[in-house]
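Basis for what follows: all heavy atoms, side chains included, without hydrogens, waters or symmetry-related copies. A, B, ... follow the sequence lines: proteins, then strands. Residue 1 opens every chain. For clarity, every value in this text was computed on a predicted model and none was experimentally measured.
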4 protein chains.
Amino acid sequence: MTTPARSLRADAARNRELLLAAAEEEFAERGMDASIADIARRAGVAKGTVFRHFATKEELIAAIVGGHFAALTAVARGLLDSADPGAALLEFLTVAAEGLQQQDLTFLQTVSEGDSMVAELRNRLHASIGSLVERARESGAVRPDITGTDVFLLICAPVHAAGFLPDPAPDLWRRYLAIIFDGLRAEGAAPLPEPAPSWP
Amino acid sequence: MTTPARSLRADAARNRELLLAAAEEEFAERGMDASIADIARRAGVAKGTVFRHFATKEELIAAIVGGHFAALTAVARGLLDSADPGAALLEFLTVAAEGLQQQDLTFLQTVSEGDSMVAELRNRLHASIGSLVERARESGAVRPDITGTDVFLLICAPVHAAGFLPDPAPDLWRRYLAIIFDGLRAEGAAPLPEPAPSWP
Amino acid sequence: MTTPARSLRADAARNRELLLAAAEEEFAERGMDASIADIARRAGVAKGTVFRHFATKEELIAAIVGGHFAALTAVARGLLDSADPGAALLEFLTVAAEGLQQQDLTFLQTVSEGDSMVAELRNRLHASIGSLVERARESGAVRPDITGTDVFLLICAPVHAAGFLPDPAPDLWRRYLAIIFDGLRAEGAAPLPEPAPSWP
Amino acid sequence: MTTPARSLRADAARNRELLLAAAEEEFAERGMDASIADIARRAGVAKGTVFRHFATKEELIAAIVGGHFAALTAVARGLLDSADPGAALLEFLTVAAEGLQQQDLTFLQTVSEGDSMVAELRNRLHASIGSLVERARESGAVRPDITGTDVFLLICAPVHAAGFLPDPAPDLWRRYLAIIFDGLRAEGAAPLPEPAPSWP
DNA sequence: GATGAATGAGAGTTCATTCAT
DNA sequence: TATGAATGAACTCTCATTCAT
């Protein structure tokens, strides 16, 4: 009963999602060496179809990274009116790490650094985190000299640390998130060296 | 006082050093995609010379990673009889990060994971860090449930975090080292979630 | 009656044939040192296209050798119901040598020794020759102690012998085939030294 | 007590022999892919020393092939005054095949085709075989239309035929030499097709 | 005379991308 | 629109050969 024109679009949309999912898995397993051919095979489409959806490999990577940024932005915004700002910030970092936990995809960020759409989504995420941190700071949950940029830069650290082990326990990153979050609180700690970085 | 009998070997040894330095720079700038051809060009030697010194690209990477591990082991050992164990641990993490600061080379570790020489050097570094942490723990400078493995895994975190900015201030990593080190101390902090990881 | 649905495949199939022909010529002229680049150039396609059709150089060689085996098997089978078994055997050896005559490709056999498809085709050829020889033996056309394996091993000898001359007359091999075939008949000859070899 | 000048020459001569032996073994095991480096290692000398004795790889191969030709020439000449010319010819072919038996080195002949020293030695061998065959022909031991060139071209055939089996019995070639030699006699056989080849 | 470090052309192979069907 | 065959540049690695020591 769907109109043919729509069914084609639906197919295309479905292919796009299949491709993004396949690409993410493939990048997770093979790192930057994941090939377009393997991604296409995993998604069950032909190589040419990948390029119909994403003109270059970089564009595909940008879509993945941008998707993550957008999802995290939604999470951050959803936590903005939480009653406990400190707990909200911890919750945000936890959810963010859970998304990364399966495999470290941080290397994709470097590749998509120049993409303007990604830059826009990254800015939005940064802004949302900024609000989250501001509330936490005002409530005394984190040091007064911690900024949203600091938190943004530290998101991946727990998963990344655990990833240095060949077969890390699936929840090991929670241990390092706890350590780092304690470092953000650190009641009575001395002021941090180096000024907070400015956002580009 | 120089040994003239080794003049040719001296040339070869010099080339080896030139190659290691060139490779490190090239990997830093280009990531895993650094090519042997570019490394050779930067070192001022022919492509074939790279393979005379390092039979495969992986062997070259292993030499770089192993060299870093060995250097850090020496640093850790030199700090073992320091009067202030807590300061010694911080000093170690600082020197380690300084070595990484130029650029993030952590992706090389993944490649050389299977190399037995690297594994041996990594084990030695891990053991030295273990001693450093044990002393710091006994002196009350760090949480009682922090292990050498924890510290080993966190070495790269400060530099890695700063690296998410396109043009980070050269000493920005010191800010994140301070945060993480505070998390390691965290007097009166609750016990960490997740047990400390075992070393493979 | 042609299948238009396969027009693209037809192009690919044509390239495959072009490549096999070019490879055969190139191997004949240059021996084992024939390069994929030269083969591609002679076939009028890009280097990458060679690898689309044959994943490795060995696979290409296996295709050539297997093709020859299959063609010879067809010849042998076609001669099985000939009225004169001795003449049929001679005809088979003649046709086989004609196929080799252009140039000696026997060195390719060594390379493809490990390939299972080639092994299968070689076994079939061996079996067909076995039948041909059995009939010739029963009819008294060849010595009683000659086996199919003997004949299989001697197929290339006439062409190979002629090939030791720099510019052999194009039909010189017929002279050596006549000599060897006479050796197979040799009425009243003494029994052969060494038992007939077993087929692996 | 040896003069230094002579001891050096003796060393050099010894190295030359070591190299030829090592090269022959290496070519037998690895075929044309035998590398100068492996030959040098097997001979226990440095790569540069190989090139002091043989300016190019082709020169080394020429020395091997030429050595075989010279040795066979000596054998042929030694058999020239044998009482039974037919047996002498068979003995020559047997000794020649025994030299090849260890491994097939015929592919080296192709490479050294252009070398003038090899050509000279090949001509001498051809001439000696010519005398051997002439006597056998006159004595009625071989067909009247068999020439020395025919025999020259057929020398390798027995070993080559046996070599098509993966693990031929060490004396299997004797079986094929018997067949071919029977073909050379073949009393009452029809005249051979194709005229005898002329020697270049 | 012997050594082995250096050279550099060229090998097989991979892969993002294009384009005819 | 989707396909997958074709492309060609780039890669790692090999090896005969040269030459400073």
Side-chain angles (χ1 to χ4, degrees), chain A residues 8-9 11-12 15 33-41 45-60, chain B residues 4-16 33-40 44-60, chain C residues 4-16 33-40 44-60, chain D residues 4-5 7-9 11-12 15 33-41 44-60:
Chain A
L8 279 179
R9 297 235 181 137
D11 265 27
N15 269 351
D33 297 345
S35 76
I36 293 283
D38 285 342
I39 290 169
R41 195 173 307 124
V45 302
K47 235 182 333 181
T49 304
V50 182
F51 288 94
R52 173 161 303 281
H53 287 280
F54 308 98
T56 66
K57 195 181 191 183
E58 294 197 356
E59 209 170 277
L60 168 58
Chain B
R6 306 227 176 146
S7 61
L8 188 60
R9 299 286 175 102
D11 266 28
R14 190 165 160 277
N15 269 346
R16 202 191 132 96
D33 298 346
S35 78
I36 294 284
D38 286 342
I39 291 169
V45 302
K47 235 185 331 182
T49 303
V50 183
F51 291 97
R52 155 158 291 276
H53 288 277
F54 307 99
T56 64
K57 194 181 190 182
E58 294 196 356
E59 203 169 306
L60 168 58
Chain C
R6 304 224 176 147
S7 60
L8 188 60
R9 299 287 173 102
D11 265 29
R14 189 164 162 279
N15 270 346
R16 203 191 131 96
D33 297 346
S35 77
I36 293 284
D38 286 342
I39 291 169
V45 302
K47 233 182 336 177
T49 303
V50 182
F51 290 96
R52 154 158 292 277
H53 289 277
F54 308 99
T56 64
K57 195 183 189 181
E58 294 196 355
E59 204 170 306
L60 169 58
Chain D
S7 75
L8 279 179
R9 294 233 182 139
D11 265 28
N15 271 349
D33 297 346
S35 75
I36 294 283
D38 286 341
I39 290 168
R41 196 173 306 123
V45 303
K47 235 183 328 183
T49 304
V50 181
F51 287 94
R52 172 160 304 278
H53 287 280
F54 308 99
T56 65
K57 196 182 189 182
E58 295 196 356
E59 210 170 277
L60 168 58

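Other residues, nucleotides and ligands place more than 12 heavy atoms under 6.0 Å from the CD atom of Glu59(D).
The residue Ala34(B) sits close only to the backbone: its heavy atoms come under 4.0 Å of sugar-phosphate atoms, none of a base.
Asn15(C) has no side-chain polar atom (N or O) that falls below the 4.0 Å cut-off from OP1 or OP2 of dA5(F).
Summary of the strand contacts: His53(B) and Ala37(C) both lie near DNA chain E, and taking for each the nucleotide with the nearest heavy atom, the more 5' one is attributed to His53(B). Nearest-nucleotide assignment on DNA chain E puts the 5′-proximal partner with Thr49(B), out of Thr49(B) and Ala55(C). Between Gly48(B) and Val45(C), the one whose closest nucleotide on DNA chain F sits nearer the 5' end is Val45(C).
Salt bridge present: Arg41(D) and Asp38(D) bring a charged side-chain N and a carboxylate O closer than 4.0 Å.
For Lys47(C) against dT13(E), a side-chain-to-base donor-acceptor contact under 3.5 Å is present.
Of all the heavy atoms in Lys57(C) and Ala34(C), the pair that sits closest is NZ-O, 2.9 Å. The shortest heavy-atom contact between Thr56(D) and Phe51(D) is CA-CE2, 4.4 Å. Nearest heavy-atom pair, His53(B) versus Ala12(B), reported as atom, atom and distance to 0.1 Å: CE1-O, 3.2 Å.
Per the geometry, CD1 belonging to Ile36(D) stands 13 Å off C1' belonging to dT18(F), to the nearest Å. Across the protein-nucleic acid pair, Lys57(A) atom NZ and dC15(E) atom P stand 8 Å apart, rounded to whole Å. Here the C1' atom of nucleotide dT18(E) and the CZ atom of Phe51(A) are 9 Å apart, to the nearest Å. Distance, Asp38(B) CG to dA9(F) C1': 14 Å, rounded to whole Å. Summarising the geometry, the separation between CG on Leu60(B) and C1' on dC13(F) is reported as 13 Å, rounded to the nearest angstrom. Atom CZ of Arg41(D) and atom C1' of dG4(E) are 12 Å apart (whole Å). As rounded to whole Å, 15 Å separates atom P of dT12(F) from atom CZ of Phe54(B). Regarding Asp33(C), its CG atom lies at a distance of 9 Å from the P atom of dG12(E), rounded to whole Å.
Both distances falling under 3.5 Å, in either a Watson-Crick or a G-U wobble arrangement, place dA9(F) opposite dT14(E). Pairing for dA20(F) is with dT3(E), a Watson-Crick or G-U wobble pair whose two hydrogen-bonding atom distances lie under 3.5 Å.
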